[in-house]
Amino acid sequence: ESLKTTILGFDNGMLILPGHDSRPIGLDGQAVAARLGELRPVLERLAAGRDEFVAGVLGSLGAKPPNFRLIMACNEGTADPAGIDPLDLEAGPNRCAVQGKGA
């Protein structure tokens, strides 16, 4: 609901830098970003009712990545990431990313 009242109200020129992406991203130093106007067609899910939105999000989730348990343990504070290569935690698709229709 907060996304509807904030993001969709911004100008099409707003630069969006997502915290997660549903596809693997290159570790090439290039920002994952797009202008809001480019994203509006895939953001149509935000205009849906709550139940439809939740069903769409849950239906778009893929398989958990192989490092899922390690990521969760680090997030929950039950594993110490100090000796873990950050690429082992960040590389690959992120299951919590929401995909647009057709993505």
Handout entry: No-hydrogen, no-angle side-chain donor-acceptor test under 3.5 Å, R35 and N12
Key =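 No, because no side-chain N or O of R35 sits under 3.5 Å from a partner of the opposite role on N12.
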For the [atom1] atom of [X] and the [atom2] atom of [Y], what is their distance to the nearest 0.5 Å?
X	Y	atom1	atom2	value
T6	M14	OG1	CE	9.5 Å
I16	L39	CD1	CG	6.5 Å
L15	F10	CG	CZ	12.0 Å

Handout entry: From CA spacing to verdict: side chain to side chain contact (heavy atoms under 4.5 Å, CB included), L17, V32
Key = CA-CA 6 Å; L17 299 145; V32 175; over 6 Å; no
Practice task
Begin with the C-alpha distance, continue with both residues' side-chain angles, and end with the deciding distance and a verdict on side chain to side chain contact (heavy atoms under 4.5 Å, CB included) for T78 and M72.
Solution key: CA-CA 9 Å; T78 58; M72 291 302 298; over 6 Å; no
Practice task
Identify the heavy atoms of L36 and D11 that sit nearest to each other, and give their distance.
Solution key: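 So the two residues come closest at CD2-O, 3.6 Å.
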Handout entry: Atom of L43, atom of I7 and distance for their closest heavy-atom approach
Key =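 It is CD1-CG2, 4.4 Å.
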Exercise for the section: Would you indicate whether R69, at its atom CZ, is surrounded by more than 12 heavy atoms from other residues, nucleotides or ligands within a distance under 6.0 Å? Expected result: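 12 or below, so no.
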